[in-house]
2 protein chains.
Amino acid sequence: MPNQSVVLDSVFQALADPTRRAVLERLGSGPAPVSSLAEPFDMALPSFLQHMKMLEGCGLVRSQKTGRVRTYELAPATLQAAEDWMAKQRSMWERRLDQLEAYLKETESDQ
Amino acid sequence: MPNQSVVLDSVFQALADPTRRAVLERLGSGPAPVSSLAEPFDMALPSFLQHMKMLEGCGLVRSQKTGRVRTYELAPATLQAAEDWMAKQRSMWERRLDQLEAYLKETESDQ
DNA sequence: TCAATACTTAGGTCAACACCTAAGTATTGC
DNA sequence: GCAATACTTAGGTGTTGACCTAAGTATTGA
């Protein structure tokens with residue numbers, strides 16, 4: 001299995017948490033500092049920062065520090081990798097859906 | 001946060017493993033029994049079945065047992081939930097990309 | 001300069017995950 | 001009816017994830 005797989009592992013892992021998905025949604029409207037991102041969540045700062053580290057570790061966001069403020073932003077390139085996998089799967093699933101549906105019709109009736 | 005979130009948690013969690021993604025890809029070409037699905041993986045059967053339970057638990061696949069053979073199939077409805085979230089995010093990200101790009105141009109140059 | 005601000009590091013708990021082996025149970029087919 | 005087949009259950013190990021508190025470090029501003 002190629003290296004690509006490792007990227008997808010960590011990207012989907014990152015997307016598997018509601019806090020992190022909410023952060024990504026928030027970053028969709030522009031860069032923001034840690035304190036502002038953390039504010040909506042009832043969580044200790046170090047706990048929140050672990051989420052940010054995971055998002056940054058898999059490349060979904062990046063950050064830079066100016067003075068004592070760290071600002072996070074989306075990193076579109078990595079979002080694209082997850083996008084691409086989903087799109088590939090989607091088209092595959094759609095292509096197969098006809099034959100699948102025929103099968104499902106059979107099995108649905110005996111459930 | 002709504003219940004919808006819980007579904008996405010488990011769906012993305014399921015997609016975060018290469019074995020499970022490979023199984024989904026394989027099931028794209030039609031239903032298959034456990035032994036056939038497990039065959040490509042160098043893994044003890046009980047370990048493999050844990051993956052299948054996770055896929056079934058979050059609703060990405062379903063199964064039925066006939067005689068001693070359990071057959072798995074894709075469950076398109078749940079795939080759709082993940083699809084929908086990605087599509088929503090995608091359109092949001094795309095809508096924001098212009099203003100984001102302007103910002104990235106600034107920050108990229110000082111890195 | 002020194003207190004407040006904005007993270008950051010260290011370290012600890014508890015649950016979930018990803019594996020394993022060993023020993024079941026339920027069908028099938030000779 | 002009994003061995004082979006196809007899972008299934010039980011139970012154990014090591015790692016990672018998601019939280020916490022406490023105690024740092026680095027800036028900023030009065």
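Residue numbering restarts at 1 for every chain, and letters A, B, ... go by the order of the sequence lines.
Of the candidate nucleotides dA18(C), dT27(C), dT9(C), dT9(C) has the atom nearest to the side chain of Pro46(A). For Gln13(A), taking side-chain heavy atoms from C-beta onward, the closest of the listed nucleotides dG17(D), dA18(C), dC7(C) is dG17(D). Of the candidates dC7(D), dA6(C), dC20(D), dC7(D) carries the atom nearest the Leu45(B) side chain, counting heavy atoms from C-beta on. Which of dC19(D), dC19(C), dC7(D) sits closest to the side chain of His51(B) comes down to dC19(C). Nearest nucleotide to the Met43(A) side chain, out of dC7(D), dC19(D), dT28(D): dC19(D). Among dA4(C), dT28(C), dC19(D), the nucleotide with an atom closest to any side-chain atom of Asp17(A) is dC19(D).
In this structure, Phe12(B) places its CZ atom 18 Å from C1' of dG17(D), rounding to the nearest Å. In this entry the distance linking NZ of Lys53(B) with P of dT8(D) reads 7 Å, nearest Å. Going from atom CD of Gln64(A) over to atom P of dT8(C) covers 13 Å, rounded to whole Å.
Between Glu56(B) and Arg62(B), no side-chain nitrogen of the basic residue sits less than 4.0 Å from a carboxylate oxygen of the acidic one, so the salt-bridge criterion is not met.
At the heavy-atom level, Ser47(A) lies under 4.0 Å from base atoms of the strands shown.
Residues Leu55(A) and Phe41(A) share a single hydrophobic cluster, defined by chaining ILVMFWY side chains whose heavy atoms lie under 4.5 Å apart.
Mapped onto DNA chain D by nearest heavy atom, Lys65(A) and Ala44(A) fall at different nucleotides, with Ala44(A) at the one closer to the 5' end. Projected onto DNA chain D by closest heavy-atom contact, Gly67(A) and Ser36(B) fall at different nucleotides, the more 5' of which corresponds to Ser36(B).
Between the base of dC19(D) and the side chain of Gln50(A) there is a donor-acceptor pair shorter than 3.5 Å.
Scanning both residues, Leu27(B) and Glu73(B), for their nearest heavy atoms gives CD1-C, 4.2 Å.
Counting only distance, with no hydrogens or angles, the side chain of Arg20(B) and the backbone of Leu15(B) share no donor-acceptor pair below 3.5 Å.
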